[in-house]
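Written out below as C-alpha cells is the structure these notes cover.
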Amino acid sequence: MTLFGDILGTNNYDETVVTLARKEKSDKAVPTTVQAPYPQEVKRVSAWDLETCYIFDPIIFNAINKNVQTIMAAGYKISCPKNKKVEEWFINFFNNIGQVGGDITANELLEVTFQNLMIYGRHYLETVLNTYQTDVLDLVSLDPKLMDYARDSMRRIVVDKYGKPMGFTQQLPYGLDITDKGDPVPEKSGIVLINRQIFILPERIAYLKLYTYGNRFDGLGLIEPAFKSIVRKQNIEEAQANSIYARGTYPIVDYVGNENHFPTPNMIKSASEKLSEMSHNRYFALPYWHKLEPIEVKQSEVVDNTMKWLRESASASLGMPMAFATGSGEATNRATLGTLQKFMEFALKDMVGRVCAQFKQHIFKRICAYNNFKEIPDLIWGDIGAESIDDKALRLQNYVKVGALTPQAVEAYALESEKLNVTEEQKVKDNYEGDIVRDGVKGDKKISDVPYQVSGTQKSSKSGNSGNPSGSNAG
C-alpha cells in the first residue's frame with residue numbers, strides 16, 4: 001500500500017532539482033480571489049459505506065458494471081495528429097504500463113478508473129517518477145478510500161497562494177512500517193499528519209473527479225446522491241426477509257373448548273405445547289372441542305410501493321433505466337425505453353469526455369513537460385452503444401450514396417468500428433476494370449470518382465484474391 005516511488009528509491013533525490021510540473025514562473029499572476037476550502041456543513045458519506053453499497057446491493061452492482069462495460073467496449077486510442085512521434089511515444093508508454101509500478105495493464109487501469117469514479121466520485125493515479133524526479137516511468141492506481149488532501153490541524157485542505165492543494169496523504173494499514181515513506185512535509189506549510197498517514201507531493205498524484213460542486217475540491221459519484229434511499233431499501237428488505245423467515249406459513253390458532261367443555265388453564269397450556277411441536281412431518285390427534293385455524297396475514301401494499309419508489313430513486317441516481325439496472329424486462333413503453341437508453345448513452349459520453357479531458361490535463365500534460373514535448377496528445381474514445389454505431393454507419397452510407405463523401409473518406413471509421421486489422425494490401429482500392437455506372441451513364445474507370453456502383457470485375461490483388469466488387473466494399 002506504500003508509494004511505488006519509495007520502492008524505486010525516488011526519495012533520495014537531489015534537493016536542488018526543481019520539478020518541472022511545479023516550477024515557479026516570475027510572470028505567473030496570483031489570483032485576487034481566494035480559492036480556500038471552507039468547512040463542509042453537509043456530512044459526506046464515507047468511502048467505506050459507498051463501497052459497501054456497491055458490493056451488497058445487486059442493482060448498484062449491476063448498473064455500475066454495465067456502465068463500465070459499455071464504456072470499455074467502445075475502445076479508445078491515443079491521437080496526436082501534429083506530431084506522430086509523440087503519439088508513438090505515448091502508445092508505447094501505455095503498452096508498458098505495469099512494468100515498473102503495479103501489475104496492471106492500460107485497459108485495467110482505465111477500467112478501474114471509471115469504476116472508482118462511479119463508486120466514490122474520485123480516483124487517484126500515481127505518476128511514478130525516476131530517482132531524480134525528471135521523468136514519469138509508470139502509472140499506478142491507488143485506493144480512493146486511503147487517499148485524501150493534505151490538511152492542517154483543523155482538518156482543512158492546505159492550499160498554496162494559487163489556491164492549489166499543496167499535497168495529498170495516504171493512510172497506511174497497521175503492521176506496515178511508515179518510516180521514510182512518502183515525501184518530506186514542506187516547512188511552515190501547516191500540514192498535520194494523523195494516525196498512519198504519509199505525505200505525497202502533488203507532482204506524483206493525478207486526482208480525477210467525476211462530478212464536482214462548490215469549490216470543486218471534492219468529487220461526487222453515482223451512489224452518494226441515493227445513499228439514504230439505498231440504505232432504507234436494504235433495511236426494509238432485511239425486515240421483510242426476517243418476517244417471511246419467522247412466518248413462512250400462516251400461524252395456527254387453537255380454539256379450546258365448546259359449550260360442553262369449559263377451557264381450563266391446563267388445557268390451554270397443553271394445547272400451546274402441542275402447537276409448538278407441530279411440523280410438516282408430525283401428526284396430532286386432538287379432541288373434538290379443539291378447533292385449529294390459520295391466521296391469514298396479508299402483505300402491506302405500502303411496503304411494495306415504498307420498495308418500488310426506493311429502487312427508482314437508486315436508478316435515477318445511477319442514470320440507468322430500471323429495466324436495464326434490474327435486468328427484469330419490466331413492462332416499459334418501447335419508445336420511452338429507447339429514449340431513456342439514448343439519455344443513458346449521453347450521460348456515459350459525458351463521463352468519458354470528463355475523464356479524457358482530465359487525463360490530458362493531469363497526466364499527458366505532465367508527461368509532456370518532463371519530456372519537453374510541445375504537442376499534447378488526446379485520449380480519443382470510440383462510439384458508446386451499439387445504436388450509435390449503427391446510426392452513424394447508416395448516415396455515412398447515405399452520404400456516400402448521394403455523393404457527399406467517397407468510400408475512402410469513411411474507410412477509417414468502418415475499420416475502427418468493426419475492430420478490423422486490415423493491411424494496405426487487403427484494402428479495396430482503385431483496382432477495378434469494367435464500366436463505371438453513375439446515374440445510369442457509363443464513364444471513367446476510376447472508382448474514387450464514383451459514389452454509387454461499379455460493374456465489372458476486380459483485378460487480382462497481390463494476395464491473389466479476386467471477386468465481384470460491390471458498392472459496400474469499394475472503400
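Residues take their numbers from the sequence shown, with the count starting at 1. The model shown is predicted, which means the values in this text are computed figures rather than measured ones.
- Residue pairs satisfying the salt bridge (charged side-chain N to carboxylate O under 4.0 Å, His left out) criterion with at least one member in residues 87-98, sequence neighbours excluded, are listed as follows: Lys84-Glu87.
- Side-chain atoms of Asp177 and Thr179 form a donor-acceptor pair, as typed in the model, at a separation below 3.5 Å.
- In this structure, a donor-acceptor pair under 3.5 Å is absent between the side chains of Tyr120 and Asp143.
- Under the 3.5 Å distance criterion, with hydrogens and angles disregarded, no donor-acceptor pair is assigned to the side chains of Gln170 and Tyr124.
- Shown here for Ile59 and Leu318, the closest heavy-atom pair between the two residues is O-CD1, 4.1 Å.
- Checked against ring pair (Phe, Tyr, Trp, His ring centres under 6.0 Å), Tyr76 has the following partners two or more places apart in sequence or in another chain: Trp381.
- Looking at Ser315, its side chain never comes within 3.5 Å of a backbone N or O of Arg311 through a donor-acceptor pair.
- Between the side chains of Tyr370 and Gln133, not a single donor N or O lies within less than 3.5 Å of an accepting N or O.
- Qualifying side chain to side chain contact (heavy atoms under 4.5 Å, CB included) partners for Lys66, counting only residues two or more places apart in sequence or in other chains: Asn62, Gln69, Met320.
- Residues satisfying the side chain to side chain contact (heavy atoms under 4.5 Å, CB included) test with Ser229, not counting sequence neighbours, are Leu310, Ser313.
- Under a cut-off of 6.0 angstrom, the local environment of CD in Glu293 is crowded, with over 12 non-hydrogen atoms contributed by other residues, nucleotides or ligands.
- Counting only residues at least two apart or on different chains, no salt bridge (charged side-chain N to carboxylate O under 4.0 Å, His left out) pair has a member in residues 316-325.
- At a threshold of 4.5 Å between non-hydrogen side-chain atoms, the residues Ile71 and Leu110 do not count as touching.
- Sorted by first and then second residue, the salt bridge (charged side-chain N to carboxylate O under 4.0 Å, His left out) pairs involving residues 372-382 (not counting sequence neighbours) are Lys360-Asp378.
- In this structure a side-chain-to-backbone donor-acceptor pair under 3.5 Å is missing from Arg196 to Gln171.
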